[in-house]
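Residues take their numbers from the sequence shown, with the count starting at 1. Remember, predicted model here, so these are calculated numbers, not experimental data. Both counts, for ligands and for their atoms, begin at 1 and track the order of listing.
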Amino acid sequence: MRCRMCGQRAVIRLRSHNIALCEGCLQEFIRRRVKKAIKDYRLLQPGERPLVAVSGGKDSLSVWDLLGELGFEAGGLYIHLGIGDYSDRSEEAARRFAEARGLELRVERVADHFSGLGIPELARLDRRPPCSICGMVKRYLMNKAAYEGGRVLVTGHNLDDEVATLFGNVLDWKEGYLSRQAPRLPAAPGLAPRTKPLVLCTEREMAAYAISRGIDYILEECPFSRGATSLFYKDLWNQLEERSPGAKLRFYQNFLRVRHLFREEEPRLQPCQSCGFPTTTELCNFCRLRDRAKGKKGNPP
Ligand code: Q46
Ligand code: ZN
């Protein structure tokens, strides 16, 4: 199998694009896909400074790498969730990546905000699934860091992630979620803009990119992701893609064309009485949880 771009030995075949590529040309191909997403969906404007939320996994480290390659001055943010050894090992991967490239990495620890408690303890305290607490806490800390730093928040969501989310939302016709699923969400009072430059790249392409660039990412998944519905949807979509190459891309891009048809009234937001970030209630969920956690680990209330 020969590379379609240069004729050397190919390392990957991309049926959805009907091409085979060698390592060097795969990197160039991914750079072009990211550039195309940035241009077509206006993900980053000239002069904007990205802040990449990194988990230590292939997608977030690769998007950080790609933004640097494309000339953006991008910093990183790692959130230590307090999920045992998994969090320590993923922090290590993020630190190694940043140090090797001389990039600025900010580390936030969930325990520092919640009286020493991490996500598993907070989930028990609030009697909610860990992922629901984790999602809320991460969204809050990512937005706070980007907003206060005047940055655009970048996440490493790839095409497979977006398709799985979209599929779940379509199954239940969740209009509000559909209207808000976009490659870039604009800034609003108290909210930093958020963008996803990898929306045109599949999980498989990103794994091949990370390996070809020698990115030392963490392979281990979060222990709470086992059995997640999104993984089941990804599996279904891989079967669909096998039968009909390009199905993921068509599903996602065609959705973006009709997204304007989905509308839901924006919730009325007001500043949280404690932290000032936007919320629908007097105290935001983050501050409410922080107050509940006070005094739970030997700390004074
Ligand atoms: S939400 Fe859930 Fe993830 Fe948080 S607890 Fe782990 S699996 S890390 S994207
Ligand atoms: Zn608050």
* Element-labelled atoms of ligand 1 that are located less than 4.0 Å from some non-hydrogen atom of L81 -> 8 (S)

* Straight-line distance of E73 CD to E48 CD, nearest 0.5 Å -> 13.0 Å

* Under 3.5 Å: donor-acceptor pair, side chain of E241, backbone of G246 -> yes

* To do: Consider only side-chain N and O atoms of R250 and S244, and report whether a donor and an acceptor are under 3.5 Å apart.
  => yes

* Taking the Zn ion (ligand 2) as the vertex, what is the angle from SG of C287 to SG of C284, given to 10 degrees? -> 100°

* **Protein N, O or S atoms lying under 2.8 Å from atom 2 (Fe) of ligand 1, listed by chain and number** => C131 SG

* To do: Give a yes or no on whether a salt bridge exists between E203 and K58, defined as a side-chain N under 4.0 angstrom from a carboxylate O.
  => yes

* Asked: Angle class for the F262/W173 ring planes (parallel below 30°, perpendicular above 60°, tilted otherwise)?
  -> parallel

* Run the contact test for E221 against ligand 1 with a 4.0 Å cut-off on heavy atoms, strictly below, and give the result. => no

* To do: Mind checking the CZ-CG spacing from F286 to L289? Nearest 0.5 Å is all I need.
  => 8.0 Å

* To do: Look at the side chain of T279 and the backbone N and O of T281, then say whether any donor-acceptor pair between them is shorter than 3.5 Å.
  => yes

* Asked: So which heavy atom in the protein is nearest atom 9 (S) of ligand 1, and how far is it from that ligand atom?
  -> K138 NZ, 3.5 Å

* Asked: Rounded to the nearest 0.5 Å, how far apart are CD1 of I30 and CE of M206?
  -> 5.5 Å

* Going by heavy atoms, is I133 under 4.0 Å from ligand 1? -> no

